[in-house]
Amino acid sequence: QVQLVESGGGLVQAGGSLRLSCTASANIFNAMGWYRQAPGKQRELVGAIVGGGITNYADAVKGRFTISRNKAMNTVHLQMNSLKPDDTAVYYCAGRYGSTWSFGQGTQVTVSS
């Protein structure tokens with residue numbers, strides 16, 4: 001089973017930046033991305049990138065967050081700028097094989113006001 005391992009979470013003040021990284025144990029995904037889940041809320045897509053480099057983002061993070069990946073599509077990063085308290089959540093790295101998404105264990109991001 002392919003593993004996804006995240007790093008880079010932590011505590012930051014509002015307006016600050018964080019960079020999350022994720023490495024997959026195999027090169028099998030046709031897309032990679034990030035989801036997040038805040039307390040009491042459902043998991044939601046933050047953004048994703050496909051093999052051609054095309055990205056899509058949730059409206060709440062457009063213009064603030066940027067996804068990038070390596071050519072082999074086994075490493076993905078999430079650059080988060082201008083962070084807001086509403087961005088506080090557990091962030092999950094995700095990889096898509098066919099139409100099925102797999103997830104890492106998550107990393108906590110906390111934005112203080």
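None of these values were measured; they are calculated from a predicted model. Atom set for the values below is all heavy atoms of this structure, side chains included, hydrogens, waters and symmetry mates excluded.
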- Message: Test side-chain contact (heavy atoms from CB on, under 4.5 Å) on L11 and T110; report intermediate values, then the result.
- Response: CA-CA 5 Å; L11 173 65; T110 302; 3.7 Å; yes

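For the atom pair W34 CH2 and L20 CG, the distance stands at 4.5 Å (nearest 0.5 Å). Distance CG/N27 to CG/N74: 4.0 Å, rounded to 0.5 Å. With values rounded to the nearest 0.5 angstrom, Y91 atom OH is found 5.5 Å from M80 atom CE.
Taking each heavy atom of G104 and Y92 in turn, the nearest pair found is O-CD2, 3.4 Å. The shortest non-hydrogen separation linking L4 to G95 is CD1-N, 3.8 Å. Of all non-hydrogen atoms in I28 and Y97, the two that sit nearest each other are O-CD1, 3.0 Å. Contact detail for R36 and A89: the closest heavy-atom pair is CB-CB, 3.9 Å. For the pair L18 and G8, the tightest heavy-atom approach, listed with the atom from each and the gap, is CD2-O, 3.9 Å. Residues V2 and A24 come closest through the heavy atom pair CG1-CB, 4.3 Å.
Under a hydrophobic clustering in which Ile, Leu, Val, Met, Phe, Trp and Tyr are joined whenever their side-chain heavy atoms come within less than 4.5 Å, directly or via other members, L45 and V109 fall into different clusters. Taken together through direct or relayed side-chain contacts under 4.5 Å among Ile, Leu, Val, Met, Phe, Trp and Tyr, V90 and F103 form part of one hydrophobic cluster.
Within 6.0 Å of atom CD in Q105, 12 or fewer heavy atoms from other residues, nucleotides or ligands are found, so the atom counts as exposed in its surroundings.
For Y35 and W101, the ring centers sit closer than 6.0 Å to each other.
In this structure a side-chain-to-backbone donor-acceptor pair under 3.5 Å is present from E6 to C93. The closest donor-acceptor contact from the side chain of Y57 to the backbone of I67 lies under 3.5 Å. In this structure, S21 contributes its side chain and H77 its backbone to no donor-acceptor pair below 3.5 Å. Listed for the S25 side chain is a donor-acceptor partner under 3.5 Å among the backbone atoms of Q3. When atom types are taken as modelled, the side chain of Q13 and the backbone of S112 share no donor-acceptor pair closer than 3.5 angstrom.
Ion pairing between a basic and an acidic side chain is recognised when a charged N comes within 4.0 Å of a carboxylate O; K62 and D59 show such pairing.
Of the candidates R96, R69, M73, M32 forms a side-chain contact (heavy atoms from CB on, under 4.5 Å) with just one, namely M73.
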